[in-house]
K.L.:
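Questions regarding the structure given below will be posed in turn.
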Amino acid sequence: MIYSRIVGTGSYLPEKIVTNADLAQRLDTSDEWIRSRTGIRQRHIAESTQSSSDLALPASIQAIAAAGIDASDIDLIILATSTPDYVFPSTACLLQAKLGIHGCPAFDLQAVCSGFVYALSVADKFIGSGQHKCALVVGTEVFSRILDWSDRGTAVLFGDGAGAVVLRADKRPGILASALHADGSYADILSVPGNVCGGRITGSAFLQMNGQAVFKFAVKVLDEVARETAAQCGMTPEDIDWLIPHQANLRILESTAKKLGLGPEKLIVTVDRHGNTSAASVPLALDLAVRDGRIRPGHKVMLQGVGGGFTWGAALVEM
Ligand code: ACO
(Lines give C-alpha, C1' and ligand atoms only; values in the text may rest on other atoms or scores of the structure.)
Protein backbone atom coordinates (compact mmCIF):
# COMPACT_ATOMS: atom_id res chain seq x y z
CA MET A 1 0.00 0.00 0.00
CA ILE A 2 1.32 3.47 -0.91
CA TYR A 3 0.47 6.31 1.49
CA SER A 4 1.30 10.01 1.46
CA ARG A 5 2.84 12.25 4.14
CA ILE A 6 3.24 16.01 4.51
CA VAL A 7 7.02 16.50 4.52
CA GLY A 8 7.22 20.29 4.24
CA THR A 9 5.03 23.35 4.78
CA GLY A 10 5.32 26.98 3.71
CA SER A 11 3.31 30.18 3.62
CA TYR A 12 3.36 33.77 2.48
CA LEU A 13 1.48 36.89 3.54
CA PRO A 14 1.62 40.19 1.64
CA GLU A 15 3.46 42.92 3.56
CA LYS A 16 0.61 45.43 3.70
CA ILE A 17 -1.50 45.11 6.85
CA VAL A 18 -4.95 46.69 7.06
CA THR A 19 -6.28 47.03 10.60
CA ASN A 20 -9.90 47.35 11.70
CA ALA A 21 -9.15 50.99 12.56
CA ASP A 22 -8.00 51.52 8.95
CA LEU A 23 -11.31 50.12 7.68
CA ALA A 24 -13.30 52.22 10.15
CA GLN A 25 -11.86 55.32 8.46
CA ARG A 26 -13.61 54.48 5.17
CA LEU A 27 -16.58 52.33 6.23
CA ASP A 28 -19.38 52.69 8.79
CA THR A 29 -17.85 50.10 11.11
CA SER A 30 -15.67 49.87 14.22
CA ASP A 31 -12.84 47.79 15.64
CA GLU A 32 -15.18 46.74 18.45
CA TRP A 33 -17.91 45.48 16.04
CA ILE A 34 -15.46 43.52 13.87
CA ARG A 35 -13.58 41.97 16.81
CA SER A 36 -16.67 40.98 18.78
CA ARG A 37 -18.51 39.43 15.77
CA THR A 38 -15.55 37.82 14.00
CA GLY A 39 -12.39 37.87 16.16
CA ILE A 40 -10.55 39.62 13.29
CA ARG A 41 -8.06 42.39 14.23
CA GLN A 42 -6.23 42.83 10.93
CA ARG A 43 -5.70 41.27 7.50
CA HIS A 44 -2.90 41.31 4.89
CA ILE A 45 -3.74 42.79 1.50
CA ALA A 46 -1.78 42.15 -1.70
CA GLU A 47 -0.35 44.97 -3.79
CA SER A 48 -2.23 45.57 -7.05
CA THR A 49 0.75 44.06 -8.89
CA GLN A 50 0.61 40.79 -6.89
CA SER A 51 -1.46 37.90 -8.24
CA SER A 52 -2.40 34.54 -6.69
CA SER A 53 0.56 32.83 -8.38
CA ASP A 54 2.89 35.54 -7.01
CA LEU A 55 1.73 34.78 -3.45
CA ALA A 56 1.91 31.03 -4.10
CA LEU A 57 5.54 31.18 -5.26
CA PRO A 58 7.28 32.09 -1.96
CA ALA A 59 4.93 29.77 -0.02
CA SER A 60 5.85 26.91 -2.38
CA ILE A 61 9.58 27.67 -2.26
CA GLN A 62 9.40 27.57 1.55
CA ALA A 63 7.51 24.24 1.55
CA ILE A 64 9.99 22.73 -0.94
CA ALA A 65 12.94 23.89 1.22
CA ALA A 66 11.30 22.51 4.39
CA ALA A 67 10.83 19.17 2.61
CA GLY A 68 14.54 19.12 1.73
CA ILE A 69 13.81 18.40 -1.93
CA ASP A 70 14.51 20.09 -5.21
CA ALA A 71 11.69 21.79 -7.14
CA SER A 72 12.40 19.32 -9.97
CA ASP A 73 11.38 16.44 -7.64
CA ILE A 74 7.76 17.71 -7.75
CA ASP A 75 5.72 15.52 -10.12
CA LEU A 76 2.23 16.93 -9.49
CA ILE A 77 0.90 20.43 -8.69
CA ILE A 78 -2.64 20.99 -7.42
CA LEU A 79 -3.51 24.58 -6.61
CA ALA A 80 -6.72 25.65 -4.89
CA THR A 81 -7.97 29.16 -5.59
CA SER A 82 -11.14 31.12 -6.32
CA THR A 83 -9.13 34.16 -7.37
CA PRO A 84 -7.03 32.82 -10.26
CA ASP A 85 -4.60 35.06 -12.16
CA TYR A 86 -6.53 34.55 -15.41
CA VAL A 87 -9.56 32.76 -16.84
CA PHE A 88 -6.84 30.53 -18.31
CA PRO A 89 -4.14 29.23 -18.19
CA SER A 90 -4.57 27.85 -14.71
CA THR A 91 -2.75 29.48 -11.81
CA ALA A 92 -1.13 26.07 -11.21
CA CYS A 93 0.50 26.22 -14.66
CA LEU A 94 1.70 29.79 -14.02
CA LEU A 95 3.15 28.70 -10.67
CA GLN A 96 4.81 25.71 -12.33
CA ALA A 97 6.59 28.06 -14.77
CA LYS A 98 7.65 30.39 -11.95
CA LEU A 99 9.12 27.39 -10.11
CA GLY A 100 11.02 26.39 -13.27
CA ILE A 101 9.41 22.94 -13.41
CA HIS A 102 8.43 21.38 -16.74
CA GLY A 103 6.16 18.52 -17.72
CA CYS A 104 4.41 17.39 -14.54
CA PRO A 105 0.60 17.73 -14.41
CA ALA A 106 -0.58 21.01 -12.88
CA PHE A 107 -4.17 22.05 -12.38
CA ASP A 108 -6.42 24.34 -10.35
CA LEU A 109 -9.10 23.08 -8.04
CA GLN A 110 -12.14 25.24 -7.26
CA ALA A 111 -13.88 24.53 -3.97
CA VAL A 112 -13.63 28.05 -2.51
CA CYS A 113 -12.72 27.91 1.21
CA SER A 114 -12.65 24.08 1.16
CA GLY A 115 -10.18 24.19 -1.73
CA PHE A 116 -7.04 23.20 0.14
CA VAL A 117 -8.66 20.25 1.92
CA TYR A 118 -10.12 19.10 -1.42
CA ALA A 119 -6.70 19.50 -3.11
CA LEU A 120 -4.90 17.61 -0.35
CA SER A 121 -7.36 14.74 -0.57
CA VAL A 122 -7.08 14.58 -4.37
CA ALA A 123 -3.25 14.65 -4.20
CA ASP A 124 -3.35 11.85 -1.61
CA LYS A 125 -5.39 9.71 -4.03
CA PHE A 126 -3.00 10.45 -6.94
CA ILE A 127 -0.03 9.41 -4.79
CA GLY A 128 -1.92 6.35 -3.51
CA SER A 129 -2.43 5.27 -7.13
CA GLY A 130 1.34 4.92 -7.50
CA GLN A 131 1.49 7.27 -10.51
CA HIS A 132 2.92 10.24 -8.59
CA LYS A 133 5.45 10.45 -5.77
CA CYS A 134 5.80 14.07 -4.76
CA ALA A 135 2.98 16.61 -4.94
CA LEU A 136 2.95 20.34 -4.30
CA VAL A 137 -0.45 21.28 -2.87
CA VAL A 138 -1.20 25.00 -2.63
CA GLY A 139 -3.99 27.28 -1.42
CA THR A 140 -3.61 30.88 -2.61
CA GLU A 141 -6.00 33.81 -2.75
CA VAL A 142 -6.31 37.52 -3.45
CA PHE A 143 -9.85 37.83 -2.10
CA SER A 144 -9.32 41.60 -1.81
CA ARG A 145 -9.99 41.69 -5.60
CA ILE A 146 -13.54 40.30 -5.35
CA LEU A 147 -14.69 42.41 -2.39
CA ASP A 148 -16.96 45.41 -2.67
CA TRP A 149 -14.93 47.70 -0.42
CA SER A 150 -18.01 49.83 0.25
CA ASP A 151 -19.94 46.85 1.72
CA ARG A 152 -19.17 46.70 5.43
CA GLY A 153 -20.94 43.31 5.70
CA THR A 154 -18.26 41.52 3.67
CA ALA A 155 -15.21 43.81 3.25
CA VAL A 156 -14.13 43.42 6.87
CA LEU A 157 -13.99 39.61 6.78
CA PHE A 158 -11.32 38.65 4.25
CA GLY A 159 -7.60 38.87 3.57
CA ASP A 160 -4.97 37.68 1.07
CA GLY A 161 -2.27 35.02 1.46
CA ALA A 162 -0.94 31.63 0.41
CA GLY A 163 0.03 28.34 2.01
CA ALA A 164 1.63 25.21 0.57
CA VAL A 165 2.65 21.68 1.50
CA VAL A 166 4.80 19.02 -0.12
CA LEU A 167 3.10 15.63 0.01
CA ARG A 168 5.37 12.65 -0.60
CA ALA A 169 4.78 8.92 -1.09
CA ASP A 170 5.62 6.87 2.01
CA LYS A 171 5.17 3.40 3.47
CA ARG A 172 3.58 4.93 6.61
CA PRO A 173 0.26 6.77 6.34
CA GLY A 174 0.39 10.55 6.86
CA ILE A 175 -3.05 11.38 5.47
CA LEU A 176 -4.95 8.99 7.73
CA ALA A 177 -8.42 9.73 6.33
CA SER A 178 -10.33 12.36 4.42
CA ALA A 179 -13.95 13.15 3.56
CA LEU A 180 -15.28 15.60 0.98
CA HIS A 181 -18.82 16.89 0.48
CA ALA A 182 -20.79 19.43 -1.52
CA ASP A 183 -24.40 20.60 -1.78
CA GLY A 184 -24.98 22.96 -4.68
CA SER A 185 -28.49 23.80 -3.50
CA TYR A 186 -26.81 26.25 -1.09
CA ALA A 187 -24.94 28.04 -3.93
CA ASP A 188 -26.67 31.37 -3.33
CA ILE A 189 -25.70 31.89 0.34
CA LEU A 190 -22.10 32.66 -0.66
CA SER A 191 -21.16 33.49 -4.22
CA VAL A 192 -19.51 35.77 -6.76
CA PRO A 193 -22.28 35.40 -9.34
CA GLY A 194 -20.49 36.86 -12.34
CA ASN A 195 -18.79 35.73 -15.54
CA VAL A 196 -16.81 37.16 -18.42
CA CYS A 197 -18.87 37.41 -21.59
CA GLY A 198 -18.31 39.39 -24.76
CA GLY A 199 -15.52 41.42 -23.17
CA ARG A 200 -17.63 42.39 -20.16
CA ILE A 201 -18.55 41.03 -16.76
CA THR A 202 -22.09 39.68 -16.70
CA GLY A 203 -23.71 39.43 -13.28
CA SER A 204 -21.66 40.64 -10.32
CA ALA A 205 -17.91 40.46 -9.82
CA PHE A 206 -18.30 41.01 -6.06
CA LEU A 207 -18.68 38.52 -3.24
CA GLN A 208 -22.22 38.22 -1.86
CA MET A 209 -23.06 36.46 1.36
CA ASN A 210 -25.91 35.64 3.69
CA GLY A 211 -23.76 35.75 6.86
CA GLN A 212 -26.17 34.09 9.25
CA ALA A 213 -26.99 31.21 6.88
CA VAL A 214 -23.25 30.65 6.29
CA PHE A 215 -22.59 30.69 10.03
CA LYS A 216 -25.23 28.05 10.82
CA PHE A 217 -24.19 25.83 7.92
CA ALA A 218 -20.46 26.01 8.78
CA VAL A 219 -20.87 25.11 12.46
CA LYS A 220 -23.11 22.13 11.62
CA VAL A 221 -20.96 20.55 8.90
CA LEU A 222 -17.57 21.18 10.52
CA ASP A 223 -18.67 19.13 13.53
CA GLU A 224 -20.15 16.34 11.37
CA VAL A 225 -17.23 16.03 8.97
CA ALA A 226 -14.60 15.93 11.75
CA ARG A 227 -16.42 13.01 13.38
CA GLU A 228 -16.93 11.27 10.03
CA THR A 229 -13.23 11.59 9.13
CA ALA A 230 -11.95 10.44 12.53
CA ALA A 231 -14.34 7.46 12.48
CA GLN A 232 -12.85 6.26 9.16
CA CYS A 233 -9.70 5.29 11.04
CA GLY A 234 -11.41 4.15 14.24
CA MET A 235 -10.73 7.41 16.08
CA THR A 236 -12.85 9.95 17.93
CA PRO A 237 -12.34 13.71 18.35
CA GLU A 238 -10.41 13.05 21.61
CA ASP A 239 -7.62 11.46 19.55
CA ILE A 240 -6.96 14.76 17.74
CA ASP A 241 -3.92 16.77 18.91
CA TRP A 242 -4.74 19.89 16.89
CA LEU A 243 -7.84 21.21 15.17
CA ILE A 244 -7.36 23.54 12.17
CA PRO A 245 -10.78 24.53 10.82
CA HIS A 246 -11.04 26.93 7.91
CA GLN A 247 -10.36 30.33 9.48
CA ALA A 248 -13.65 32.09 8.70
CA ASN A 249 -14.64 33.57 12.01
CA LEU A 250 -13.45 33.02 15.59
CA ARG A 251 -16.97 32.24 16.77
CA ILE A 252 -17.29 29.47 14.14
CA LEU A 253 -13.89 28.04 15.21
CA GLU A 254 -14.72 28.11 18.92
CA SER A 255 -18.20 26.61 18.40
CA THR A 256 -16.70 23.79 16.33
CA ALA A 257 -14.05 22.96 18.95
CA LYS A 258 -16.69 23.06 21.70
CA LYS A 259 -19.08 20.77 19.82
CA LEU A 260 -16.22 18.31 19.31
CA GLY A 261 -15.37 18.45 23.01
CA LEU A 262 -11.91 19.94 22.33
CA GLY A 263 -10.44 22.62 24.58
CA PRO A 264 -9.34 25.98 23.13
CA GLU A 265 -5.69 24.92 23.65
CA LYS A 266 -6.11 22.42 20.78
CA LEU A 267 -7.44 25.00 18.34
CA ILE A 268 -5.06 26.77 15.94
CA VAL A 269 -6.29 30.33 15.34
CA THR A 270 -4.95 32.75 12.73
CA VAL A 271 -8.18 34.48 11.70
CA ASP A 272 -7.42 37.27 14.22
CA ARG A 273 -4.29 38.26 12.25
CA HIS A 274 -5.10 37.05 8.72
CA GLY A 275 -8.88 37.43 8.35
CA ASN A 276 -10.49 34.80 6.14
CA THR A 277 -8.03 33.90 3.37
CA SER A 278 -10.33 31.26 1.83
CA ALA A 279 -8.35 28.35 0.32
CA ALA A 280 -5.13 29.68 1.86
CA SER A 281 -6.36 29.74 5.45
CA VAL A 282 -5.78 26.08 6.39
CA PRO A 283 -2.24 25.68 4.95
CA LEU A 284 -1.29 29.11 6.36
CA ALA A 285 -2.43 28.09 9.85
CA LEU A 286 -0.74 24.69 9.51
CA ASP A 287 2.57 26.26 8.48
CA LEU A 288 2.50 28.80 11.31
CA ALA A 289 1.86 26.15 13.96
CA VAL A 290 4.58 23.87 12.50
CA ARG A 291 7.08 26.73 12.47
CA ASP A 292 6.29 27.96 15.99
CA GLY A 293 6.79 24.39 17.28
CA ARG A 294 3.24 23.61 18.42
CA ILE A 295 2.63 20.94 15.75
CA ARG A 296 5.38 18.31 15.94
CA PRO A 297 6.12 15.00 14.20
CA GLY A 298 3.64 12.33 15.24
CA HIS A 299 0.86 14.81 16.10
CA LYS A 300 -2.59 14.15 14.66
CA VAL A 301 -4.05 17.25 13.02
CA MET A 302 -7.62 17.63 11.78
CA LEU A 303 -7.73 20.02 8.80
CA GLN A 304 -11.20 21.27 7.87
CA GLY A 305 -12.64 23.28 5.03
CA VAL A 306 -16.07 24.82 4.47
CA GLY A 307 -17.05 27.36 1.87
CA GLY A 308 -18.95 28.40 -1.21
CA GLY A 309 -20.67 25.74 -3.23
CA PHE A 310 -21.47 24.82 -0.54
CA THR A 311 -18.46 22.57 -0.11
CA TRP A 312 -16.98 21.05 3.02
CA GLY A 313 -14.46 18.42 3.96
CA ALA A 314 -11.75 17.30 6.36
CA ALA A 315 -8.44 15.48 6.36
CA LEU A 316 -6.94 13.81 9.43
CA VAL A 317 -3.18 14.03 9.10
CA GLU A 318 -0.38 12.47 11.13
CA MET A 319 2.61 14.80 10.84
N1 ACO B 1 -19.72 46.97 11.06
C2 ACO B 1 -20.80 47.42 11.72
N3 ACO B 1 -22.02 46.94 11.55
C4 ACO B 1 -22.18 45.95 10.64
C5 ACO B 1 -21.11 45.42 9.91
C6 ACO B 1 -19.82 45.98 10.14
N7 ACO B 1 -18.73 45.55 9.50
N8 ACO B 1 -21.57 44.45 9.11
C9 ACO B 1 -22.89 44.35 9.32
N10 ACO B 1 -23.26 45.27 10.25
C11 ACO B 1 -24.59 45.54 10.78
C12 ACO B 1 -25.69 45.09 9.84
O13 ACO B 1 -25.94 46.09 8.87
C14 ACO B 1 -26.84 44.94 10.81
O15 ACO B 1 -27.36 46.21 11.09
P16 ACO B 1 -28.97 46.44 11.28
O17 ACO B 1 -29.33 45.59 12.46
O18 ACO B 1 -29.07 47.89 11.51
O19 ACO B 1 -29.57 45.94 10.01
C20 ACO B 1 -26.17 44.43 12.08
O21 ACO B 1 -24.77 44.76 11.96
C22 ACO B 1 -26.31 42.94 12.28
O23 ACO B 1 -26.00 42.30 11.04
P24 ACO B 1 -25.96 40.75 10.94
O25 ACO B 1 -25.58 40.36 9.54
O26 ACO B 1 -27.22 40.18 11.51
O27 ACO B 1 -24.76 40.45 11.93
P28 ACO B 1 -24.27 39.07 12.48
O29 ACO B 1 -24.30 39.09 13.93
O30 ACO B 1 -24.90 37.92 11.76
O31 ACO B 1 -22.75 39.12 12.04
C32 ACO B 1 -21.33 38.17 10.40
C33 ACO B 1 -22.39 39.18 10.67
C34 ACO B 1 -20.08 38.56 11.19
C35 ACO B 1 -20.98 38.22 8.92
C36 ACO B 1 -21.80 36.78 10.83
O37 ACO B 1 -23.06 36.50 10.29
C38 ACO B 1 -20.86 35.72 10.45
O39 ACO B 1 -19.77 35.65 10.96
N40 ACO B 1 -21.25 34.83 9.53
C41 ACO B 1 -20.37 33.86 8.98
C42 ACO B 1 -19.89 34.45 7.73
C43 ACO B 1 -18.50 34.08 7.42
O44 ACO B 1 -17.67 33.68 8.22
N45 ACO B 1 -18.21 34.28 6.17
C46 ACO B 1 -16.93 34.02 5.67
C47 ACO B 1 -17.06 33.47 4.33
S48 ACO B 1 -17.81 31.94 4.41
C49 ACO B 1 -16.70 30.87 4.74
O50 ACO B 1 -15.54 31.15 4.70
C51 ACO B 1 -17.19 29.57 5.13
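Numbers for residues simply follow the sequence, beginning at 1. Atoms within a ligand are numbered from 1 in the order they appear, just like the ligands themselves.
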K.L.:
Quick check on contacts: which atoms of ligand 1 are under 4.0 angstrom from a heavy atom of Q212?
P.N.:
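Listed by number with element: 24 (P), 26 (O), 30 (O), 37 (O).
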K.L.:
Which residue owns the protein heavy atom closest to atom 37 (O) of ligand 1, what's the atom, and how far is it?
P.N.:
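Looking at atom 37 (O) of ligand 1, the protein heavy atom closest to it is G211 C, 3.3 Å.
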K.L.:
Compute whether any side-chain donor of one residue and acceptor of the other, for D124 and S121, lie under 3.5 angstrom apart.
P.N.:
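Per modelled atom types, D124 and S121 side chains form no pair under 3.5 Å.
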K.L.:
Just to be sure I'm reading this right: ignoring hydrogens, which of F143, F217, F310, W33 gets closest to atom 5 (C) of ligand 1? Compare them by their nearest heavy atoms.
P.N.:
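Shortest heavy-atom distance from atom 5 (C) of ligand 1: W33.
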K.L.:
Angle between ring planes, F126 versus F107, binned at 30° and 60°: parallel, tilted or perpendicular?
P.N.:
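Rings of F126 and F107: tilted, 30 to 60°.
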K.L.:
Starting at NZ of K300, measure out to CG of L316 and round the result to the nearest 0.5 Å.
P.N.:
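Rounded to the nearest 0.5 Å, the NZ-CG separation comes out at 8.0 Å.
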K.L.:
For L190, take its heavy atoms, then give the atoms of ligand 1 lying under 4.0 Å from any of them.
P.N.:
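This gives 48 (S) as the contact atoms.
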K.L.:
With a cut-off of 4.0 Å, which atoms of ligand 1 are near a heavy atom of G153?
P.N.:
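Reading through ligand 1 atom by atom, the close ones are 8 (N).
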K.L.:
Report, in ascending order of atom number, the atoms of ligand 1 lying under 4.0 Å from any heavy atom of N276.
P.N.:
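Result: 46 (C), 47 (C), 49 (C), 50 (O).
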K.L.:
Is there a protein heavy atom less than 4.0 Å away from atom 16 (P) of ligand 1?
P.N.:
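Not a single protein heavy atom is under 4.0 Å away.
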K.L.:
Would you mind listing which atoms of ligand 1 come within a distance below 4.0 Å of any non-hydrogen atom of F158?
P.N.:
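What qualifies from ligand 1 is 46 (C), 47 (C).
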K.L.:
Using distance alone, with no hydrogens and no angle criterion, decide if H181 and E224 have a side-chain donor and acceptor under 3.5 Å apart.
P.N.:
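Looking only at side-chain atoms, E224 and H181 do not form any donor-acceptor pair under 3.5 Å.
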K.L.:
Nearest 0.5 Å please: distance from the CD1 atom of I40 over to the CZ atom of R273.
P.N.:
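If we round to the nearest 0.5 Å, I40:CD1 and R273:CZ are 12.5 Å apart.
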K.L.:
Suppose we measure from atom 11 (C) of ligand 1 to each protein heavy atom; which comes out shortest, and what is that distance?
P.N.:
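Going atom by atom, the protein heavy atom closest to atom 11 (C) of ligand 1 ends up being R152 NH2, 3.6 Å.
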K.L.:
At a non-hydrogen distance cut-off of under 4.0 Å, which region of T38 contacts ligand 1 (side chain, backbone, both, or neither)?
P.N.:
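It is the side chain that gets close, since no backbone atom is under 4.0 Å.
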K.L.:
Is the shortest N/O to N/O distance between H246 and ligand 1 below 3.5 Å?
P.N.:
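It does: an N or O of H246 is found under 3.5 Å from an N or O of ligand 1.
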K.L.:
Quick check on atom 32 (C) of ligand 1 - does any protein heavy atom sit closer than 4.0 Å to it?
P.N.:
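So far as the 4.0 Å threshold goes, atom 32 (C) of ligand 1 is out of reach of every protein heavy atom.
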K.L.:
Nearest to atom 22 (C) of ligand 1, what protein heavy atom do you find, and at what distance?
P.N.:
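So the nearest neighbour among protein heavy atoms is R37 NH1, 3.9 Å.
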K.L.:
In the protein, what heavy atom is nearest to atom 1 (N) of ligand 1, and what distance, to one decimal place, separates them?
P.N.:
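Scanning the protein heavy atoms, the shortest distance from atom 1 (N) of ligand 1 goes to T29 OG1, 2.6 Å.
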K.L.:
Determine whether a donor-acceptor pair (N or O, by modelled atom type, separation under 3.5 Å) exists between the side chain of D108 and the backbone of A92.
P.N.:
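Pair found, side chain donor or acceptor close to backbone of A92.
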K.L.:
Provide the number and element of each atom of ligand 1 under 4.0 Å from a heavy atom of N249.
P.N.:
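Result: 38 (C), 39 (O), 44 (O).
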K.L.:
F116 and I240: same hydrophobic cluster, using ILVMFWY side-chain contacts below 4.5 Å?
P.N.:
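Different clusters: F116 never reaches I240 through Ile, Leu, Val, Met, Phe, Trp or Tyr contacts under 4.5 Å.
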K.L.:
In Å and rounded to the nearest 0.5 Å, what is the CZ to OH distance from F310 to Y186?
P.N.:
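Atom-to-atom, F310:CZ and Y186:OH are 10.0 Å apart.
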K.L.:
Out of all atoms in ligand 1, which are within 4.0 Å of some heavy atom of V156? Include the element for each.
P.N.:
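Near V156, meaning under 4.0 Å from one of its heavy atoms, ligand 1 has 7 (N).
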K.L.:
In the complex you have, is atom 19 (O) of ligand 1 within reach of the protein, judged by whether a heavy-atom distance drops under 4.0 Å?
P.N.:
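No, because not a single protein heavy atom sits under 4.0 Å from atom 19 (O) of ligand 1.
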K.L.:
Tell me, which protein residue and heavy-atom name are nearest atom 51 (C) of ligand 1, and how many Å apart are they?
P.N.:
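Looking at atom 51 (C) of ligand 1, the protein heavy atom closest to it is V306 O, 3.2 Å.
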K.L.:
Given R251, E32, M209, identify the one with the heavy atom nearest to atom 45 (N) of ligand 1.
P.N.:
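Result: the heavy atom closest to atom 45 (N) of ligand 1 is in M209.
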K.L.:
If you compare all heavy atoms of K266 against all heavy atoms of E238, which two are closest, and at what distance to 0.1 Å?
P.N.:
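Between these two residues, the closest heavy atoms are NZ-O, 3.9 Å.
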K.L.:
Evaluate the side-chain proximity of I175 to L167: yes if any heavy-atom separation is below 4.5 Å, no if none is.
P.N.:
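Heavy-atom side-chain distance check passes, below 4.5 Å.
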K.L.:
Answer yes or no for A218: is there a heavy-atom contact with ligand 1 below 4.0 Å?
P.N.:
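A218 does not count as a contact of ligand 1 under the 4.0 Å cut-off.
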K.L.:
Mark whether atom 48 (S) of ligand 1 lies under 4.0 angstrom from at least one protein heavy atom.
P.N.:
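When distances to the protein are checked, atom 48 (S) of ligand 1 has a heavy atom within 4.0 Å.
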K.L.:
Which atom pair, heavy atoms only, marks the closest approach of E141 to T277?
P.N.:
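Taking E141 first and T277 second, the nearest heavy atoms are CG-O, 3.2 Å.
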K.L.:
Do NZ/NE/NH1/NH2 and the carboxylate oxygens of D73 and K133 come within less than 4.0 Å?
P.N.:
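Salt bridge flag = no for K133 with D73.
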K.L.:
Is at least one protein non-hydrogen atom found at under 4.0 angstrom from atom 29 (O) of ligand 1?
P.N.:
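Under the 4.0 Å cut-off, atom 29 (O) of ligand 1 does have protein heavy-atom neighbours.
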K.L.:
Do the side chain of D160 and the main chain of S144 share a donor and acceptor less than 3.5 angstrom apart?
P.N.:
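The answer is yes, because a donor-acceptor pair under 3.5 Å joins these two groups.
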